[in-house]
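Proteins come first, then strands; the chains are lettered A, B, ... in the order of their sequence lines, and each starts at number 1. Every heavy atom of this structure was used, including side-chain atoms; hydrogens, water molecules and symmetry mates were not.
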Amino acid sequence: MAQITLTLPDGNARHYDAGITAGEVAADISKSLAKKAISATVDGAHYDLAWPIEADADIAIHTMQDEDQANELVRHDLAHIMARAVQEIWPDTKVTIGPVIKDGWYYDFDRKEPFTPEDLGLIEKKMKEIINKRDPVRTEVWDRARAVKHYEDLGEPYKVELIDAIPGDEPLRMYWHGDWQDLCRGPHLQHTGQVPGDAFKLMSIAGAYWRGDSDRAMLQRIYGVAFTGKEKLRAHLNMLEEAAKRDHRKLGREMDLFHMQEEAPGQVFWHPNGWRIYTELQDFVRRKQRAGGYVEVNTPQVVDRKLWVQSGHWEKYQENMFIVEVDEEHAREKAVNALKPMNCPCHVQIFNQGIKSYRDLPLRMAEFGSCARYEPSGALHGIMRVRGFTQDDGHIFCREDQIESETAIYIDFLSSMYRDLGFENFKVKFSDRPEKRSGSDEVWDKAEEALLSATRNAGIEPELNPGEGAFYGPKLEFVLTDAIGRDWQCGTHQVDFVLPERLDATYIGEDGAKHRPVMLHRATVGSFERFIGILIEEHAGKLPFWLAPRQVVVASITSDADDYVTEVVETLKKAGVRAEADLRNEKINYKVREHSVGKVPVILAVGNREVEEKTVSVRRLGQKQTSVEPLADVTATLSHDATPPDLRG
RNA sequence: GCUGCUGUAGCUCAGAGGUAGAGCACUCCCUUGGUAAGGGAGAGGUCGAGAGUUCGAUUCUCUCCAGCAGCACCA
């Protein structure tokens, strides 16, 4: 038998017969390691302890102390254990797939009866029984025909389909948890008892399409979370509870920012406080755009179908458009219009007025463009995914050879804005050519290369979204995260070869001939609605002072201080601070609590002492201690804080 | 749009086949109190909408609307 050499992390090399398993290697190293071992990394691949190793390799044996590997195994085994529990309770249930995801796993089932929340308790109980049995985990490699026959006999059509979808005729790995069997890539633990029985929880039931295809069966998905110890589970559940408190829908109510109602689903009624944030943010973006060489425009809301037919939206996007038909009796003629779902075609109309020269390029055109999209009902989410919203939209008309430099300028522009808004870290995703697309491969090559190299030159390595680009060009997405870790695309930067063609945009080149400009679609905050939602969640309602809708409440402690309170408020207002008086006949405790709940960043309490000394007692949101300071000093500090970051000296 | 769940006062929620309740918020009165809820009184609801079953429905059934979680969607 051939000999192989396995090298341990400490550099120690050991020699074995080929086909030895990591489990046997662990046993050879020490008895205690054999007991604690859960899996191994063999030349970078995560190996089951039972898999044979056939060639020289670097090897590291893992125990429960190796968090990444342990989590993966625990979650993966729990997926199998849950599926087994479900089939033991409801034997007519068909199993499908159950992958490991962030913090846990899910498994999709096909069963006529819906699972109920009470069922989750039943399943959890059964899972704990299975764990307590310490059933061995076995693995075998089968050929396809045998596996297909096996699942056909069992009446598991989804498994058969999965096998058919696995390319080539690579052998299939079968796993047993006790008597229960599943098709699985592995690796797994050695027996069910290795799964901590007190560190997992079934979280929710939801529908999910088989193979992610909305034309196929709707399965029932059960989500679970799991960790290597119960403290970690508790910490996770705690984190979720805390995150729920940051939900922008809850804070929006508590801070009196906005509301939504049935008569206008997916649209926002901005209250004075919320609109303050909105306009403050918009002013900021507008100043940045001016500084960045943009011209600002404004275009119509209701636009005749003809333009949408020409742009291609009528064909491709119609079911997402609000159609406005004007009644003949009230109009000169019957007209079919659409509320604009995006601004680009309108911007091309402005570009097309007059004759453009290559000297005009790059032309950076911006609009706070209000758009209406009939989003599917299930997609709506607070103010983060809505049907009526305003983008900080912009289109850069440029030559093909300017794509890269414009992209670089834009990434810099966006980064600086995000930094000012408190987002130091954001994800960048790069989406390249989809299967169905316009334009030649040569042009796509250049565009993709331009986006990528501009991004990398900015020191950012984007995440790749293969095939996720628009049909008209590749794109960069700038992604921020909400309170519970869901990703939201905010900024975007897309290359477009198609629209200038369809709407016949041209410029006169140096050669005196007509040329087609390239269009770069870009948005930084994306939509004000979504971005403000993210801002609220990111800061848990404690917005940076300059963005806070209510900045200072000056609260009287006794009515003797009323006149001075008014004086303080006036002083602050003159210094550019949003200040208001609270002269109500309430105790200071009450006032402090109420304004703290309302997330007012600064409360200035004023009683007789302050009146006499011309001071104020300063209390900042989230801090217990207060400090008594001269009014002039406080005014200077707050005036500075109230100044937007781009205007500070 | 799909699967499941939910819809009772401004908010958070209880409740029952015989036309509704709590706490907070709101209004008024008392209280002038030193940093997260002082006390009292009062007002407030076509129980999401429509239809059906019933002597009688907010409660049971159906349809619709909206929200929540996930999936699909986000050109």
Side-chain angles (χ1 to χ4, degrees), chain A residues 106 108 110-111 113-117 119 203-223 244 247 249-250 253-254 256 259-266 311-321 341-342 344 373-382 384-386 434 436 468-473 475 477 484 486 488-489 492 494 496 498-499 521 526-527 530 555-562 583-598 603-610 617-628:
Chain A
Y106 67 76
D108 288 348
D110 184 11
R111 171 172 173 249
E113 300 295 309
F115 292 114
T116 67
D119 290 343
M203 301 297 281
S204 60
I205 310 152
Y209 295 110
W210 168 234
R211 317 222 89 195
D213 182 344
S214 60
D215 292 331
R216 309 207 53 183
M218 175 62 73
L219 306 171
Q220 299 189 62
R221 175 172 298 179
I222 300 179
Y223 284 92
D247 191 305
R249 291 164 295 192
K250 181 177 152 73
R253 205 168 34 242
E254 289 171 2
D256 195 14
H259 85 272
M260 306 178 86
Q261 64 187 51
E262 260 188 56
E263 289 79 359
S311 70
H313 291 101
W314 194 259
E315 188 201 347
K316 283 205 183 324
Y317 201 64
Q318 196 185 148
E319 71 275 21
N320 283 300
M321 287 162 71
M342 52 207 58
C344 4
R373 297 182 188 175
Y374 191 79
E375 300 285 10
S377 55
L380 302 179
H381 181 89
M384 307 264 242
R385 181 88 181 262
V386 285
K436 279 191 185 169
E468 292 293 306
F471 74 92
Y472 51 72
K475 63 180 177 185
E477 290 173 25
I484 59 170
R486 286 178 289 217
W488 293 93
Q489 182 201 314
T492 182
Q494 315 184 3
D496 186 350
V498 173
L499 202 59
H521 306 249
S527 93
R530 176 175 295 181
S556 58
I557 293 170
T558 78
S559 52
D560 294 337
D562 285 2
L583 303 176
R584 290 175 305 167
N585 177 13
E586 296 289 352
K587 292 196 171 184
I588 191 65
N589 296 27
Y590 183 89
K591 294 183 183 182
V592 165
R593 178 185 147 77
E594 190 182 277
H595 301 308
S596 299
V597 169
I603 298 169
L604 301 180
V606 168
N608 288 324
R609 285 205 297 274
E610 289 78 11
S617 165
V618 184
R619 183 190 168 109
R620 287 189 181 264
L621 184 58
Q623 288 178 357
K624 264 244 145 54
Q625 77 277 24
T626 59
S627 62
V628 177

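Nearest nucleotide to the A/Ala206 side chain, out of B/G70, B/G67, B/C65: B/G70. The side chain of A/Arg253 lies closest to B/U12, out of B/U35, B/C71, B/U12. Considering only side-chain atoms of A/Ser617, the nucleotide from B/A36, B/C73, B/G34 that sits closest is B/G34. The listed nucleotides are B/G34, B/A72, B/A36; the one nearest the side chain of A/Arg609 is B/G34. Minimum atom distance to the side chain of A/Lys587 is reached by B/G38, of the listed B/C74, B/C73, B/G38. The side chain of A/Met218 sits closest to B/U3 out of B/G48, B/U3, B/A36. Comparing B/U35, B/A72, B/A37 by their closest approach to the side chain of A/Ser214 singles out B/A72. Among B/G4, B/A36, B/C71, the nucleotide with an atom closest to any side-chain atom of A/Arg619 is B/A36. Set against B/G38, B/G34, B/C65, the side chain of A/Tyr590 has B/G38 as its closest nucleotide.
Under 3.5 Å, the side chains of A/Asp562 and A/Ser559 contain no donor-acceptor pair of N or O atoms. A donor-acceptor contact closer than 3.5 angstrom links the side chains of A/His259 and A/Gln261.
Nucleic acid contact class of A/Gly526 (heavy atoms, under 4.0 Å, all strands): none. Within 4.0 Å (heavy atoms only), A/Tyr106 reaches no atom of the nucleic acid at all. If you check every strand for non-hydrogen atoms under 4.0 Å, A/Glu610 touches a base. Among the protein residues, A/Gly212 comes within range of the sugar-phosphate backbone only, with heavy atoms under 4.0 Å from sugar or phosphate atoms but none that close to a base. Note on A/Pro265: only backbone sugar-phosphate atoms sit closer than 4.0 angstrom, heavy atoms only; bases stay farther off. Nucleic acid contact for A/Lys624: sugar-phosphate only, since backbone atoms but no base atoms lie under 4.0 Å from a heavy atom of the residue. The residue A/Lys250 sits apart from the nucleic acid: no heavy atom pair falls under 4.0 Å. A/Ala470 comes within 4.0 angstrom of sugar-phosphate atoms only, judged by non-hydrogen atoms across all strands, and of no base. Counting any heavy atom pair closer than 4.0 Å across all strands shown, A/Asn608 reaches a base atom. Residue contacts for A/Phe471: at a heavy-atom cut-off of 4.0 Å it reaches the sugar-phosphate backbone alone, with no base atom in range.
With a cut-off of 3.5 Å on both pairing distances, B/G44 has no Watson-Crick or G-U wobble partner at all. B/G4 and B/C68 make up a base pair, with Watson-Crick or G-U wobble contacts both under 3.5 Å. B/U59 makes up no base pair with any nucleotide shown, lacking Watson-Crick or G-U wobble contacts both under 3.5 Å. Pair assignment for B/A14: none, as no Watson-Crick or G-U wobble contacts are both less than 3.5 Å.
Not one side-chain nitrogen or oxygen of A/Arg385 sits closer than 4.0 Å to the OP1 or OP2 atom of B/C73. Distances shown here put a side-chain N or O of A/His381 below 4.0 Å from the OP1 or OP2 atom of B/A69. Look at A/Ser559 and you won't find any side-chain N or O under 4.0 angstrom from OP1 or OP2 of B/U32. Using a 4.0 Å cut-off, some side-chain N or O of A/Arg249 falls inside it from OP1 or OP2 of B/A69. The phosphate of B/G70 (OP1 or OP2) has a side-chain N or O of A/Arg486 nearer than 4.0 angstrom.
Atom CH2 in A/Trp210 sits about 22 Å away from atom P in B/G70, given to the nearest Å. In this entry the distance linking CD of A/Glu254 with P of B/C24 reads 17 Å, nearest Å. As a whole-Å value, the separation of A/Tyr223 OH from B/A69 C1' is 9 Å. In this structure, CD of A/Gln318 is placed 17 Å from C1' of B/C73, rounded to the nearest angstrom. Nucleotide B/C2 holds its C1' atom 16 Å from the CD atom of A/Glu319, rounded to whole Å. The nearest whole Å value for the distance from the CE atom in A/Met203 to the P atom in B/G4 is 21 Å. Between the P atom of B/A37 and the CD atom of A/Glu586 lies a distance of 13 Å, rounded to the nearest Å. One can place CE of A/Met384 at 11 Å from P of B/C68, the figure rounded to the nearest angstrom.
Nucleotides B/C29 and B/G45, compared at atom P, are 23 Å apart to the nearest Å. With C1' as the reference atom, B/C47 and B/C74 are 37 Å apart, rounded to whole Å. Spacing between B/G48 and B/A43 at atom C1', rounded to whole Å, works out to 24 Å. When the P atom is used for both B/A72 and B/C60, the distance is 34 Å, rounded to whole Å. To the nearest whole angstrom, the two P atoms, one in B/A69 and one in B/C13, are 14 Å apart. Of the P atoms belonging to B/C11 and B/G70, the separation is 23 Å, rounded to the nearest Å. Rounded to the nearest Å, the gap between the C1' atom of B/G23 and that of B/A14 is 11 Å. Across the P atoms, B/G15 and B/U8 are found 14 Å apart, a figure rounded to whole Å.
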Could you check A/Met321 against A/Tyr374 for side chain to side chain contact (heavy atoms under 4.5 Å, CB included), going step by step and ending with a plain yes or no?
CA-CA 5 Å; A/Met321 287 162 71; A/Tyr374 191 79; over 6 Å; no

Might you work through the side chain to side chain donor-acceptor pair (under 3.5 Å) test for A/Arg221 and A/Tyr223, ending with a clear yes or no?
CA-CA 6 Å; A/Arg221 175 172 298 179; A/Tyr223 284 92; 3.2 Å; yes

Checking side chain to side chain contact (heavy atoms under 4.5 Å, CB included) for the pair A/Gln489/A/Arg530: CA distance, chi angles, key distance, verdict?
CA-CA 9 Å; A/Gln489 182 201 314; A/Arg530 176 175 295 181; 4.2 Å; yes

Does A/Leu604 form a side chain to side chain contact (heavy atoms under 4.5 Å, CB included) with A/Ser617? I'd like the steps, not just the answer.
CA-CA 5 Å; A/Leu604 301 180; A/Ser617 165; over 6 Å; no

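For the residue pair A/Ala605 and A/Ile588, the shortest heavy atom distance occurs at CB-CD1, 3.9 Å.
Counting heavy atoms from C-beta outward, A/Gln220 and A/Pro114 have side chains that approach closer than 4.5 Å.
RNA chain B is contacted by both A/Arg221 and A/Ala605; A/Ala605 maps to the nucleotide lying nearer its 5′ end (nearest heavy atom per residue). Between A/Ile588 and A/Tyr317, it is A/Ile588 whose nearest contact on RNA chain B lies nearer the 5' terminus.
Note: A/Tyr472 and A/His521 meet the aromatic proximity criterion, with ring centroids under 6.0 Å apart.
A cation-pi geometry, defined here as NZ or CZ lying under 6.0 Å from the six-membered ring centre and within 45° of its normal, holds between A/Arg111 and A/Phe115.
Under 3.5 Å, the side chain of A/Gln220 and the base of B/G70 form no donor-acceptor pair of N or O atoms. Between the side chain of A/Tyr209 and the base of B/G1 there is at least one donor-acceptor pair of N/O atoms closer than 3.5 Å.
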